[in-house]
J.: 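Below is one structure. I have some questions about it.
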Amino acid sequence: MTPVRDWRAWLGLTATSIAGALLLDAVGLPAAWLLAPMAAAIVAAVFAGVELSMPGRLSVAAQALIGCLIAHAITPGIFATLLRDWPLFLATTTATIVVSALLGYLLARWRVVPGTVAIWGSTPGGATAMVIMAQAWGADARLVAVMVYLRVVMVAALASCVALLFGRHAVPLTHVSPLAVDPAALPLTIAIAGAGVAGGHLLKLPAGALLCAMAIGAALNLAGIAQVSPPRLLLLPAYVVIGWRIGLGFTRETLEASARALPRLMLAAGLLLAFGGVMAGLLVRFADIDPLTAYLATSPGGMDAVAVIASTSGADVPFVMALQVVRFLMVMIAGPTLARHLARRANADGP
């Protein structure tokens, strides 16, 4: 592809991605600024025959910014809630991870999707972070993204309905303008993301930029030195870059495989959501947690979407985010080992 055509292709992809993201954002779809660019990139790569590749440095920088976003949720208030209710959090989180791992194992054993893809795609956690981690550990990020974001959309839709039924306020579909930037947040986020990129490069960790930025930002939050609050002005381009990287890797064969597996993937996601509902019911019955808080806390994935709904619907935000963060951290620690072990076991036990 010539430079002129390459330039025109990037311009067309950018315009299509922004238009699609604005449309999805207007109707309140979670992760709109990732899903629309990913869809636009899939159409460009599969149907328009466009050959573009995402610069590696941009992808690493986007990962670091997502690490800052995750660090924003790790606050002293969450840890205070965790210390108070740790047996409840440990039991709920462990049960959810076990059930999600079982579903992933069955998807792998029945050859719905490849082994490590099935495990990572079934894992409840921060959706974007799970895709990044899966890719870093060798899974096909394209299929993992299909599984994870399918569940995110389902979780957000159900959580919004629960919020309307049990919340004290309606869930607004409007968002803060990307141009509304805290003067202190912008340089702090850039500094932490830069340190995360450097740390990941030095340590040679899979998804090192994300993990290092998350660790640095969380440490600053917990120590009370600074509150990490990445502005949308930086987060939206990060989501776009990650969406493009995933979408541009699609081929017609990958898209057809995703379409064939979609009914069973929806069934697996529905079962995981149903289990989350059961856990929420137990919290309501035995821990005297209100239904909205219980459901949002046990929702399997879509941590950022759940955070928005919780903060605008009258739920107990520290409780919701404490359980979500604990599960996310447990998945980050155990995920790679779990994925490798269960994928090998599924291959050995499969038909």
J.: Checking the side chain of Thr254 only, and the main-chain atoms of Phe250 only, is there a donor and an acceptor separated by less than 3.5 Å?
T.: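 Checked: no pair found.
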
J.: Do Phe275 and Leu271 come within less than 4.5 Å of each other through their side chains, counting heavy atoms only?
T.: no

J.: State yes or no: do Val325 and Met279 share one hydrophobic cluster built from I, L, V, M, F, W and Y residues joined by side-chain heavy-atom distances below 4.5 Å, directly or via other members?
T.: no

J.: Quick one: CG on Leu69 to CZ on Arg232, what's the gap to the nearest 0.5 Å?
T.: 11.0 Å

J.: Under a 4.5 Å cut-off applied to non-hydrogen side-chain atoms, are Met214 and Met332 in contact?
T.: yes

J.: Let me confirm one number: the CG-CG distance from Leu342 to Leu106, rounded to the nearest 0.5 Å.
T.: 10.0 Å

J.: Mark yes or no for whether Arg151, through its side chain, and Gly270, through its backbone, hold a donor-acceptor pair below 3.5 Å.
T.: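 No: the side chain of Arg151 does not pair with the backbone of Gly270.
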
J.: Starting from Leu255, can I reach Leu34 by hopping between I/L/V/M/F/W/Y residues whose side chains sit under 4.5 Å apart?
T.: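 Yes: a chain of side-chain contacts under 4.5 Å links Leu34 to Leu255.
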
J.: Among Ile246, Val146, Ile242, which one satisfies side chain to side chain contact (heavy atoms under 4.5 Å, CB included) with Met38?
T.: Ile246

J.: To the closest 0.5 Å, what do you measure between CG (Leu236) and CD1 (Ile18)?
T.: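 One finds 10.0 Å between CG of Leu236 and CD1 of Ile18.
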
J.: Do Met147 and Met266 share a hydrophobic cluster (ILVMFWY, side-chain heavy atoms under 4.5 Å, transitive)?
T.: yes

J.: Nearest 0.5 Å please: distance from the CD atom of Gln135 over to the CH2 atom of Trp120.
T.: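 Between atom CD of Gln135 and atom CH2 of Trp120 there are 12.0 Å.
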
J.: Looking only at heavy atoms, what is the nearest atom pair of Pro300 and Leu273, with distance?
T.: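 Looking at all heavy atoms of both residues, the shortest contact is CG-CD1, 3.8 Å.
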
J.: Is the closest side-chain heavy-atom distance between Trp33 and Leu235 below 4.5 Å?
T.: no

J.: Taking only residues two or more places apart in sequence, or in another chain, which ones meet Arg264 in a side-chain contact (heavy atoms from CB on, under 4.5 Å)?
T.: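 Arg264: side-chain contact (heavy atoms from CB on, under 4.5 Å) contacts with Val112.
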
J.: Could you go through the side chain to side chain contact (heavy atoms under 4.5 Å, CB included) check for Thr298 and Thr92 one step at a time?
T.: CA-CA 8 Å; Thr298 57; Thr92 304; 3.9 Å; yes

J.: Are any side-chain N or O atoms of Thr16 and backbone N or O atoms of Gly12, one a donor and one an acceptor, separated by less than 3.5 Å?
T.: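 Yes, Thr16 side chain to Gly12 backbone: donor-acceptor pair under 3.5 Å.
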
J.: How about Leu272 and Ser122: do any of their side-chain heavy atoms sit closer than 4.5 Å?
T.: no

J.: Could you walk me through whether Leu150 and Leu265 pass the side chain to side chain contact (heavy atoms under 4.5 Å, CB included) test, one step at a time?
T.: CA-CA 8 Å; Leu150 173 65; Leu265 296 180; 4.1 Å; yes

J.: Taking all non-hydrogen atoms of both residues into account, name the closest pair between Ile192 and Ala213 and its distance.
T.: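 The answer is CG2-O, 3.6 Å.
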
J.: Please name all residues satisfying side chain to side chain donor-acceptor pair (under 3.5 Å) with Ser17, sequence neighbours left out, ordered by chain then number.
T.: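 Once residues adjacent in sequence are excluded, the partners of Ser17 under the side chain to side chain donor-acceptor pair (under 3.5 Å) criterion are Trp244.
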
J.: So, does Thr293 use its side chain to make a donor-acceptor pair with the main chain of Asp316 at under 3.5 Å?
T.: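 Looks like yes, one N/O pair under 3.5 Å.
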
J.: Looking at every heavy atom in both Gly196 and Cys212, which two are closest together, and how far apart are they?
T.: O-CB, 3.6 Å

J.: Between CG of Leu158 and CG of Leu296, what distance do you get to the nearest 0.5 Å?
T.: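 Nearest 0.5 Å value for the CG-CG distance: 11.0 Å.
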
J.: Please check if the distance between the ring centroids of Phe319 and Phe89 is under 6.0 Å.
T.: yes

J.: Consider only side-chain heavy atoms of I, L, V, M, F, W and Y, link residues closer than 4.5 Å, and tell whether Leu103 and Val152 are in one cluster.
T.: no

J.: When you measure from the side chain of Tyr295 to the backbone of Gly281, do you find a donor-acceptor pair of N or O atoms at a distance under 3.5 Å?
T.: no

J.: Is there a continuous path of hydrophobic side-chain contacts, each under 4.5 Å between heavy atoms, that joins Val228 to Met321?
T.: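 No, it is not one cluster - the side chains of Val228 and Met321 are not joined through contacts under 4.5 Å.
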
J.: Within the distance-only criterion (no hydrogens, no angle test), does the side chain of Gln324 pair as donor or acceptor with the backbone N or O of Ser299 below 3.5 angstrom?
T.: yes

J.: Please find the pair of heavy atoms, one from Thr81 and one from Pro318, that lie closest to each other, and give the distance.
T.: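 Distance-wise, the nearest heavy atoms are OG1-CB, 3.6 Å.
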
J.: So does Asp290 pair up with Arg285, basic N to acidic O under 4.0 Å?
T.: no

J.: Could you tell me if the side chain of Tyr239 sits less than 4.5 Å from the side chain of Leu35, heavy atoms only?
T.: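 No, side chains not in contact.
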
J.: Donor-acceptor pairs under 3.5 Å, side chain of residues 52-67 to any protein atom, not counting sequence neighbours: which ones?
T.:
| from | atom 1 | to | atom 2 | distance (Å) |
| --- | --- | --- | --- | --- |
| Ser59 | OG | Arg245 | NH1 | 2.9 |

J.: Does the side chain to side chain contact (heavy atoms under 4.5 Å, CB included) test come out yes or no for Ile74 and Phe328, once each step is laid out?
T.: CA-CA 11 Å; Ile74 305 176; Phe328 173 79; over 6 Å; no

J.: Between Leu248 and Ala45, what is the shortest heavy-atom contact and its length?
T.: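 The answer is O-CB, 3.9 Å.
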
J.: Is the backbone N or O of Gly249 less than 3.5 Å from a side-chain atom of Arg142, with the two atoms forming a donor-acceptor pair by type?
T.: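 Yes.
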
J.: Looking at Asn221 and Ala71, would you say the former's side chain and the latter's main chain have a donor-acceptor pair under 3.5 Å?
T.: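 Here the side-chain-to-backbone pair exists.
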
J.: Could you report the tightest heavy-atom contact between Ala118 and Ala108, atom names first, then the distance?
T.: CB-N, 3.7 Å

J.: Measuring from Leu262:CG to Leu267:CG, what's the distance to the nearest 0.5 Å?
T.: 11.5 Å

J.: Could you go through Thr116 and Arg340, starting from their C-alpha distance and side-chain angles, then the distance that decides it, and tell me whether this counts as side chain to side chain contact (heavy atoms under 4.5 Å, CB included)?
T.: CA-CA 7 Å; Thr116 52; Arg340 288 196 300 268; 5.5 Å; no

